[in-house]
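We name chains A, B, ... by the order of the sequence lines, and we start the count at 1 in each one.
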There are 2 protein chains.
Amino acid sequence: MKFLKIPAATITRLSLYTRALETLIKEQVTVVSSKRLAELCGVNPAQIRKDLAYFGQFGVRGVGYYVKELLFDVKKILGLHREWKLAIVGVGNLGCALVAHENFTRQGYRFVAAFDADPMKIGRKLVTGLVINPPNEMHNICRDKQVEMGVICTPADFAQDIANRLVDAGVKAILNFAPTQIQAPDGVKVENVDFSVKLDNLAYYLTTG
Amino acid sequence: MKFLKIPAATITRLSLYTRALETLIKEQVTVVSSKRLAELCGVNPAQIRKDLAYFGQFGVRGVGYYVKELLFDVKKILGLHREWKLAIVGVGNLGCALVAHENFTRQGYRFVAAFDADPMKIGRKLVTGLVINPPNEMHNICRDKQVEMGVICTPADFAQDIANRLVDAGVKAILNFAPTQIQAPDGVKVENVDFSVKLDNLAYYLTTG
DNA sequence: ATCTTATTGTGATTAGAGGCACATGCGTGC
DNA sequence: GCACGCATGTGCCTCTAATCACAATAAGAT
Ligand SMILES: NC(=O)c1ccc[n+]([C@@H]2O[C@H](COP(=O)([O-])OP(=O)(O)OC[C@H]3O[C@@H](n4cnc5c(N)ncnc54)[C@H](O)[C@@H]3O)[C@@H](O)[C@H]2O)c1
Ligand SMILES: NC(=O)c1ccc[n+]([C@@H]2O[C@H](COP(=O)([O-])OP(=O)(O)OC[C@H]3O[C@@H](n4cnc5c(N)ncnc54)[C@H](O)[C@@H]3O)[C@@H](O)[C@H]2O)c1
């Protein structure tokens, strides 16, 4: 089981499952069937069972899944049982919103470094107390603070350069908000968050049906 | 051709192609091969040709695609040849960043209405001059201003309620930033933008490889 | 202890998307 | 005006992912 290649879509769904499970916990639900969970997540029940089957057996036949246990297990699979250290590059409108967002902290994502090229911003403190540093210190600071993930919130033109610096600083995972395709060497994972693409999808839908 | 079912992934890629084509125009490139475009977008050349083939023939054999023409055609396919009217609900950190974002305007997405439940915010003007209205005026204002897409930037607990109101106001497309699954009737398209899911993907990658 | 009921885990099946490879056809040069 | 080179458009194949359907099995009732 462990050695099968796991679809990327499965990982994405696992993330969704953790959310649904967290709301179930809030609602004091202790046991959930794949059917019910599937409804909450908008997927097929068999899909859930199969997704989980990649990693082992977590349910009880005839009963379902114990919510708290399953949440624990899925979080562990995803690597959410520990804290992750992030750096943000580009503390503009979007960057500030991200740093301020307290859900991330709750989930174990912590911003431990911030960078911006704007001389007016360097040295200033964010609401969280984080000091903004110049980009040329990225290498040293990221290594010092053991940054594991980099978040790019600069204009698109600089994104590739920033990515290179992050990689150079030993960062192996990048979340890119700039609307551009970033090249990274093997062993470095890049995820893009792209609002306009989503809007374009909606535009297409409204245009064509 | 026109009547085949078109994969969602194709639409997403078309959006990527428009970006690459726009940068090519900036670089004064007039003709591009599927091979070159594929490199820029990080996809397979045949994929590009196939994606375009769903909608017609746009290239010249032995030559490639005329950049400007192709951009025009792809934009038209996506419905980006016109302006779209958006409403934002929840003008917090993220909501403000979105409204302030000038790329959207450049692409033809225009925020024509803003809503927030916070009494301190109602009546205030955003940087764009847009006035913040209370949620109970959503129905009338959206209809008045002919809002076509709704953007949800409220905390997750309120997202479904907001979505219902938007649907009620005739909005047929919703971009949801709240980390929750939204139910909408047939004929209404919901797209989710979910940062934490992307972070979770990175966490999984760093944990498992 | 056995039967019933519910729901998992999974092999088989179906659907679909991506990639290959070649025939098609346009432009250029001779 | 003809031949050659080059990149498109597309049929076919492969591979992957999603769904179905059922056998395995746990809990509770009789
Ligand atoms: N704001 C949005 O809603 C939104 C939506 C979609 C995409 N994006 C993308 O996210 C990115 C940031 O958007 P924003 O609205 O925050 O823009 P912004 O202009 O408010 O902020 C950009 C920040 O990056 C900094 N910066 C510029 N060059 C830099 C460099 N080389 N190194 C470090 N920092 C640098 C600037 O000083 C500024 O603080 C852009 O690529 C934008 O296209 C934003
Ligand atoms: N900020 C981020 O980086 C980030 C990242 C991921 C997800 N999100 C999600 O985006 C959403 C907004 O995030 P944010 O950081 O802007 O939060 P925020 O708290 O800064 O803003 C939320 C806004 O919504 C308003 N609001 C609350 N209830 C409302 C209602 N019923 N009707 C209308 N408005 C209402 C609030 O008054 C506030 O202005 C949240 O769901 C959050 O989880 C944000």
Side-chain angles (χ1 to χ4, degrees), chain A residues 1-17 20-21 24 29-71 73-74 77 181 197 201 204, chain B residues 1-17 20-21 24 29-71 73-74 77 181 197 201 204:
Chain A
M1 278 296 149
K2 265 273 172 188
F3 307 114
L4 273 99
K5 192 178 46 56
I6 289 144
T10 290
I11 305 305
T12 298
R13 280 189 299 266
L14 287 181
S15 187
L16 253 44
Y17 303 159
L21 291 168
L24 285 173
V29 179
T30 56
V31 178
V32 68
S33 67
S34 60
K35 185 156 173 289
R36 178 87 188 90
L37 188 57
E39 279 163 16
L40 292 173
C41 299
V43 302
N44 184 297
Q47 185 79 77
I48 293 188
R49 300 200 294 273
K50 187 149 259 190
D51 284 340
L52 295 174
Y54 284 114
F55 301 98
Q57 309 205 156
F58 302 96
V60 182
R61 291 173 195 225
V63 178
Y65 301 89
Y66 293 100
V67 176
K68 230 179 143 178
E69 273 186 34
L70 184 60
L71 177 58
D73 290 332
V74 176
I77 292 167
Q181 208 61 24
V197 167
N201 268 281
Y204 174 77
Chain B
M1 279 295 148
K2 266 274 172 185
F3 308 113
L4 271 100
K5 193 179 46 53
I6 289 145
T10 290
I11 305 303
T12 298
R13 281 190 298 269
L14 287 181
S15 188
L16 253 45
Y17 303 159
L21 291 169
L24 285 173
V29 179
T30 56
V31 179
V32 68
S33 66
S34 59
K35 185 157 172 288
R36 178 87 189 91
L37 189 56
E39 280 163 14
L40 292 173
C41 300
V43 302
N44 184 295
Q47 185 78 76
I48 293 188
R49 299 199 296 273
K50 188 154 262 189
D51 284 340
L52 295 174
Y54 284 115
F55 301 96
Q57 309 206 156
F58 304 96
V60 183
R61 294 175 193 222
V63 178
Y65 301 91
Y66 292 100
V67 176
K68 230 181 143 177
E69 273 186 36
L70 184 60
L71 177 59
D73 289 332
V74 176
I77 290 166
Q181 209 62 24
V197 167
N201 267 282
Y204 174 78

Which whole-number value in Å describes the distance from [X] [atom1] to [N] [atom2]?
X	N	atom1	atom2	answer
L70(B)	dA7(D)	CG	P	16 Å
D73(B)	dG9(D)	CG	C1'	16 Å
E69(B)	dT8(D)	CD	P	14 Å
Y17(B)	dT8(D)	OH	P	12 Å
F58(B)	dT8(D)	CZ	P	14 Å

query = Where the side chain of K5(B) is defined as all heavy atoms beyond and including C-beta, which of dT8(D), dA17(D), dG16(C) is the nearest nucleotide?
reply =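 Among dT8(D), dA17(D), dG16(C), the one nearest the side chain of K5(B) is dG16(C).
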
So which atom in [X] and which in [Y] form the shortest heavy-atom distance, rounded to 0.1 Å?
X	Y	value
L52(A)	F58(A)	O-CE1, 3.4 Å
R13(B)	V43(B)	CD-CG1, 4.0 Å
V74(B)	L14(B)	CG1-O, 3.7 Å

Do [X] and [Y] have side chains that approach each other closer than 4.5 Å (heavy atoms only, starting at C-beta)?
X	Y	value
L37(A)	L21(A)	yes
Y65(A)	R49(A)	yes
V31(B)	V60(B)	no
Y204(A)	I6(B)	yes

ask   = Sequence neighbours excluded, which residues qualify as side-chain contact (heavy atoms from CB on, under 4.5 Å) partners of N201(B)?
value =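 side-chain contact (heavy atoms from CB on, under 4.5 Å) list for N201(B), sorted by chain: I11(A), T12(A), E191(A), V197(B).
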
query = Do any of residues 34-52 of chain A sit with a heavy atom less than 4.0 Å from DNA chain D, and if so which?
reply =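 Within this stretch, N44(A), A46(A), Q47(A), R49(A), K50(A) sit under 4.0 Å of the strand.
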
inquiry  = Does the protein touch nucleotides 24-30 of chain C at the base, only the backbone, or not at all? Give it as B, S and - per nucleotide, heavy atoms under 4.0 Å.
reply    = BBBS---

